Structures are given as C-alpha cells and as structure tokens.
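Remember, it's a predicted structure, so these values are computed and weren't measured experimentally. Worth knowing before you read on, the calculation uses all heavy atoms, side chains too, and leaves out hydrogens, waters and symmetry mates.
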Amino acid sequence: MLGVGIAWPILPKLVQELSGGTISEAAYSYALITVSFALAQFIFAPLMGAISDRHGRRPIMLLAALGLSVDHLLVAVAPSIAFLVLLRVIGGIFGATIATANAYVTDISTPETRARNFGLIGAAFGVGFVAGPLLGGVLGAMDVRYPFFAASVLAFGQFVYGYFFLPESLPEEKRTPLKLTSANPLGGLLQLRRFSVIIPLLLAFFISAIFQRGLEASWVLYTDFRYGWDIRAASWSLAYVGLTSAITQAVLVRAVVPRLGETRTVVCGLALAGVTGLFFSFTGSGLAAIPLIGLYVIGYDLAGPPLRSIISAPVPPGEQGLLQGVMGSLNGLAVIIGPFFASLVLADIAGPAPFLPLPGIWFLAGAIVLMSCSVTVALLARRAVGAPAAHGGA
C-alpha cells in the first residue's frame, strides 16, 4: 500500500503529460483509466479468491506482487494513454488479490482474533496512504515518472520477502475444487447465498462502500467548493484522515472489540459515523469540519474490521477466498458507482441552479444509509456469528 500511495496521487499528472497537457483531456482520460482499473478488480476478484481456495494463498499473493512490480515499471515508461489504460487493467487484475490477503488473515485467525487482525490490515492501508503520497510528492516533483519506478521496486521487494518468509496459510485438506461458475461476481454471490444470513450484511457493506468511495472521490473538489480549501489544505486533510484511520484500526479496534464484542462495535461505529456525517452535511465551517470528519473516520473504520469478521464467520476456510473475492468485487463496483454519482451531485449543487440547494446532500444521504446499516447489523449479526462453520486457526 506504500507503493500504491506513492504512485496513485501522481497518476493524474502522468495522464496530463500523456494527454498533451490540457486539464480537460486529462480529466476524461483519467476517468477512463479509473473505471478500467475498478472494472478489472470487480471482474477478477472472485476468480483470484476462488483460485486461492484451490491452490493456496501463497502462490497467488506472490504472483500479485511480481505482477504489480512489472505493471508499475511499465507504467513508468508508458508512451501513450491507450497503453496506460491497458496497464491499469492489468494492475486491477493483480490488485484484485487484496481479497486473497484478507482470506489469508481469516485462515490464520481464531474467532477471537479475526477482527483485530482485519484491523491491522486496515491500519497498513492507512499508513501506506499517509506515507506514500508524501514520498510520491517528493519524487514526482523531480520527475512525474519516478514514483512509479519506486512503486515497482517496493512491489518487487514484497515479492522477495514473501518468497522467503511467507508460509502457506491454507492446508491441503481445507482446499476446495475450483468452480468457474462461481469464480465471477454474480456466480460467486449466488454460491454464497446458501449462507443466507450474510447476504443482507454484504448488502450493507456494499451500500456503505458506495457512499464512502463517493466521499473520497469528491473530497478535494467538495472542500474547495464548501470551505475554500486549496490543494495543500485538502492534501493535509487527507493525511489527517489516513493517520486517524491507521490509529483507529491498529489501536482502537484491538481495545474496543474485546470489551463491546464485534456486533456492538459495528453498530456503535456505524451509528457514530452516521451521526457525525449528519452534522458534517450541514456545517459550513471548515474549522468545525475537521473534528467531525475525524469522528466520522473513527466510527467508519472502527466498524469495518469486525463487520468483515462477522461476514466471514459462517463461511468455511475453503471458501474464504471466494467470499473475500466477492467482497472485493462489491468494493470495485462501489468505486465505479460512488464517484460517478457523487460527481453528478457535486456538479449539480455547485451549479447556478441546483435541483436540491443543500451543499452536503451526498453526506446527508450517506449518514442515513450508515445509520440504516447499523440497524441491519444489530438485527442480523448475532445469527451470522452463531452460524456453524469450520474456523481456521493460527
């Protein structure tokens, strides 16, 4: 994630360079590249997860690290937008193996440690997205292609480390045959419907992700429109969000879940995010927005790891890759839907005659959704956790 954090903020500038320097052409091309990457993850995440259920997690994770290293290297020397789109599709395929990493976490966790371990993975994401852009900004100031060379080196280092030190987490006796009918988003979801209690929870995960991805995509432009923040202020706010997320998932999840339990932690976290999102949607003060967005991040990221744990509970080890792949697909679809509609909403409210003259309408809708998801989890989580499944242990 450090490699991703280094390269991701600089990608629009590389697109602008390859587009001929105009912002309008760069924006169009960047949208195409973003959708291509998300679609690749949406389509391939269940397949990667299902392959890891059959052949183990280690070979898939090593393949992903090596593939991403080559992909970043080719992005660094990309001669055209068309070539860059193709490379981002390939990057999306290898990036879809994040689902395999989540399945690995489930394999080596007990029911008591699963939420904590998901929190550590989330914290690694947060640290990568704090430190990565800072380093990427330094390298990008020298040359817009340097961050991608650095990301390639980091991914190759990950491959070397994994090759020598990463053990397999899924033993032969717990593996399941590969079924191509289920190794796609729709087929995977249909395969999981026999675990009926998790379907509404997956829906809650998906809908909340739509609003979260939309918030992330529109943040820089929204804070400029609403609070007059320039790019420097917006960048510092993103670093603040990343740091808050990392601390929440690395420290608070480990402290809160043993005391409240997974279900209450999710319910309280989503409720906190919903309430603070509600206040945030109406505030016109940038100063007041800072603590509100901090509380929102704490609530949302406090709920995330135990929610993944609850959804994982009824699914046996040999199908955890499939489950995490489906969740990766749902997140990939949310990356497409959320930013698209959030951008449309922002375009309307920032226009001369908005349909609904409420600047924070996206955040208001998200707050309502998060509070509804909190109720859904409160009603269904205990059934999911109590459903029988074979749990892997460390």
Checking side chain to side chain donor-acceptor pair (under 3.5 Å) for the pair W219/S237: CA distance, chi angles, key distance, verdict?
CA-CA 10 Å; W219 179 255; S237 72; 2.8 Å; yes
Assess, by modelled atom type and distance only, whether the side chains of T248 and S245 contain a donor and an acceptor separated by less than 3.5 Å.
no
Does atom CZ of F156 have more than 12 heavy-atom neighbours from other groups under 6.0 Å away?
no
Would you find more than 12 non-hydrogen atoms of other residues, nucleotides or ligands less than 6.0 Å from Y161 atom OH?
no
Taking it one step at a time, do Q324 and S312 satisfy side chain to side chain donor-acceptor pair (under 3.5 Å)?
CA-CA 8 Å; Q324 299 301 332; S312 301; 3.2 Å; yes
If hydrophobic clusters are built from ILVMFWY residues whose side chains come within less than 4.5 Å, do M371 and I293 share one?
yes
Would you kindly check if the NZ (Lys) or CZ (Arg) of R88 is within the cone defined by 45 degrees around the ring axis of F83 and under 6.0 Å from the six-membered ring centre?
no
Give the C-alpha distance, both sets of side-chain angles, the deciding distance and a yes or no for side chain to side chain contact (heavy atoms under 4.5 Å, CB included) between L47 and F44.
CA-CA 5 Å; L47 176 61; F44 283 92; 4.0 Å; yes
Kindly indicate, with the supporting measurements, whether the criterion side chain to side chain contact (heavy atoms under 4.5 Å, CB included) is fulfilled by T110 and T113.
CA-CA 5 Å; T110 64; T113 62; 3.1 Å; yes
Working note: S69 + F159, criterion side chain to side chain contact (heavy atoms under 4.5 Å, CB included); need CA distance, chi angles, decisive distance, verdict.
CA-CA 9 Å; S69 177; F159 168 77; over 6 Å; no
Of the non-hydrogen atoms in V335 and A38, which two are nearest, and what is the gap between them?
CG1-CB, 3.7 Å
Is there a donor-acceptor contact under 3.5 Å linking the side chains of D53 and T176?
no
Under 3.5 Å, which donor-acceptor pairs do the side chains of residues 199-214 form with other protein atoms, sequence neighbours left out?
from, atom 1, to, atom 2, distance (Å)
S208, OG, A204, O, 2.9
S208, OG, F205, O, 3.0
Q212, OE1, Y296, OH, 2.6
Q212, NE2, E216, OE2, 3.4
R213, NE, E216, OE1, 2.9
R213, NH1, N331, OD1, 2.7
R213, NH2, E216, OE2, 3.0

Is there a path of hydrophobic side-chain contacts, each under 4.5 Å between heavy atoms, that joins V266 and I198?
yes
Does M61 offer a backbone N or O that forms a donor-acceptor pair with the side chain of T100 under 3.5 Å?
no
Path from L330 to F37 over hydrophobic side-chain contacts below 4.5 Å
no
Could you tell me whether the side chain of T244 and the main chain of Y240 form a donor-acceptor pair under 3.5 Å?
yes
Residues R114, S309; criterion side chain to side chain donor-acceptor pair (under 3.5 Å); working and verdict
CA-CA 6 Å; R114 195 166 47 222; S309 179; 2.8 Å; yes
Under a single-linkage definition using a 4.5 Å side-chain heavy-atom cutoff for Ile, Leu, Val, Met, Phe, Trp and Tyr, are L287 and F280 assigned to the same hydrophobic cluster?
no
Between D107 and R57, does any side-chain N to carboxylate O distance fall below 4.0 Å?
yes
Applying the 4.5 Å side-chain criterion to the ILVMFWY set and letting contacts propagate, would V138 and L2 be lumped into a single cluster?
yes
Any side-chain to backbone donor/acceptor pair from T376 onto S372? Under 3.5 Å, distance only.
yes
Donor-acceptor under 3.5 Å (R308 side chain, G304 main chain):
no
Heavy-atom side-chain proximity of F341 to I337 below 4.5 angstrom
yes
Are the side chains of V70 and L74 in contact, using a 4.5 Å heavy-atom criterion?
yes
